[in-house]
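To start, the structure itself, in structure tokens.
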Amino acid sequence: MLNAIKLSDRQVSLFRDRGFIVLREAFSRSVSENIREWADEISRFPEEIGKHWVYHETSLIDEKNELINRIENMTPFHKGLSALADSFIPSCEQLLGEEAVLFKDKINFKMPGGDGFKPHQDSQAGWEFYATYFINVMVCLDEATLDNGCLELANRPAGLADTKLVGKEWAPLSEEETASMDFKPYPTKPGDVIYFDSYAPHKSAQNLTEKSRRLYFSTYNRLSEGDHLESYYADKRKNFPPDIEREVDKNYVYRV
Ligand SMILES: O=C(O)CCC(=O)C(=O)O
Ligand SMILES: [Fe+2]
């Protein structure tokens with residue numbers, strides 16, 4: 001049911017030039033309906049230690065409301081979402097020019113009242129410890145608009161090597177670092193897909209509308225740099241565990 005996406009030569013070369021590409025209607029309406037149902041399903045699964053990871057946030061609209069912020073580490077616990085992550089391996093191999101392996105997967109929920117993301121490059125989140133280069137695949141689950149905080153991407157800054165950290169690890173990009181960057185919003189509809197690499201600067205606004213803005217992301221690296229999914233999650237569990245595993249009097253801060 002989930003056919004792998006086949007990228008054209010033009011899409012591959014555009015991605016290599018600027019670090020991202022946008023595919024409109026990469027999935028048919030019926031397939032994207034299925035994917036949305038999987039997202040609904042996993043959000044109804046009970047939160048249990050040792051299962052998929054759920055993070056919450058306090059609503060910016062009504063501080064009495066706790067919202068699902070993010071679900072991570074889904075592939076071992078949901079067949080459909082595991083097949084979805086697998087379906088992007090061939091297209092990531094086209095972009096990498098070599099074998100790819102899954103690094104992580106998540107759904108960012110950004111419910112009504114959900115917070116945005118400051119400008120950053122994903123490799124700033126400690127990923128360079130595991131590999132030098134990653135590709136994210138974003139699948140639009142709910143329509144993402146300017147109002148509800150769609151993804152905004154910038155071309156790599158001129159004069160910098162293709163793949164380089166502009167900012168520091170574990171901190172968003174500063175005003176100075178983003179001054180010359182030209183962020184553009186990419187509103188998407190369910191079934192649209194965006195590939196962007198771990199050096200593509202991006203951000204998104206908070207969602208103060210009444211509609212949820214769920215986006216799925218899976219991330220891949222070169223198999224020649226190792227299969228790190230298990231060690232990535234084992235390390236993250238120590239520093240930023242899912243809410244259900246947290247120690248009561250410890251303060252956990254989301255950094256990038
Ligand atoms: O969900 C979004 O708008 C962007 C999320 C993001 O950049 C991230 O999770 O690293
Ligand atoms: Fe990001």
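Counting convention: from 1, in listed order, for ligands and their atoms alike. Residues take their numbers from the sequence shown, with the count starting at 1.
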Starting from the C-alpha separation in whole Å, work towards a yes-or-no answer on salt bridge (charged side-chain N to carboxylate O under 4.0 Å, His left out) for Arg70 and Glu57. CA-CA 9 Å; Arg70 169 185 294 212; Glu57 66 186 318; over 6 Å; no

Check whether Gln11 reaches the backbone of Ser8 with its side chain - one donor and one acceptor, N or O, closer than 3.5 Å. yes

Restricting to N, O or S, what is the name of the atom of His202 that lies nearest the Fe ion (ligand 2)? NE2

Close-contact set for ligand 1 against His120 heavy atoms, below 4.0 Å: 6 (C), 7 (O), 8 (C), 10 (O)

Judging by distance only, is a nitrogen or oxygen of Tyr254 under 3.5 angstrom from one on ligand 1? no

Tell me, which N, O or S atom in Asp122 is closest to the Fe ion (ligand 2)? OD1

Return the closest protein heavy atom for atom 5 (C) of ligand 1 as residue, atom name and distance. Asn108 ND2, 3.0 Å

Would you say Thr209 and Asn148 are linked by a side-chain donor-acceptor pair, where the criterion is simply a distance under 3.5 Å? no

State whether Glu245 and Arg237 are salt-bridged, where the test is any N-O pair (Lys NZ or Arg NE/NH1/NH2 against Asp/Glu carboxylate O) under 4.0 Å. yes

Between atom OH of Tyr220 and atom CG of Asp105, what is the distance when rounded to the nearest 0.5 Å? 8.0 Å

For the CZ atom of Arg213 and the SG atom of Cys140, what is their distance to the nearest 0.5 Å? 8.5 Å

Nearest protein heavy atom with distance in Å, relative to atom 4 (C) of ligand 1: Phe117 CD1, 3.7 Å

At under 4.0 Å between heavy atoms, what of Arg214 touches ligand 1? The answer is neither

Heavy atoms only: which of Arg213, Lys110, Arg70 lies closest to atom 1 (O) of ligand 1? Arg213

In ligand 1, which numbered atoms sit nearer than 4.0 Å to a non-hydrogen atom of Ser204? 2 (C), 3 (O)

So do Asn155 and Asp182 actually touch side chain to side chain, heavy atoms under 4.5 Å? no

Should Asp243 and Arg246 count as an ion pair when the cut-off is N to O under 4.0 Å? yes

Which bit of Lys203 is near ligand 1, meaning a heavy atom under 4.0 Å away: side chain, backbone, both or neither? neither

With atoms numbered from 1 as shown, which atoms in ligand 1 lie under 4.0 angstrom from a non-hydrogen atom of Asp122? 10 (O)

To check your reading of the model: name the closest protein heavy atom to atom 8 (C) of ligand 1, its residue, and the distance in Å. Lys106 NZ, 3.5 Å

Mind checking whether Val256 contacts ligand 1 via backbone (N, CA, C, O), side chain (CB onward), both or neither, at a 4.0 Å heavy-atom cut-off? neither

Any luck finding a side-chain donor-acceptor pair between Ser224 and Glu98 under 3.5 Å? yes

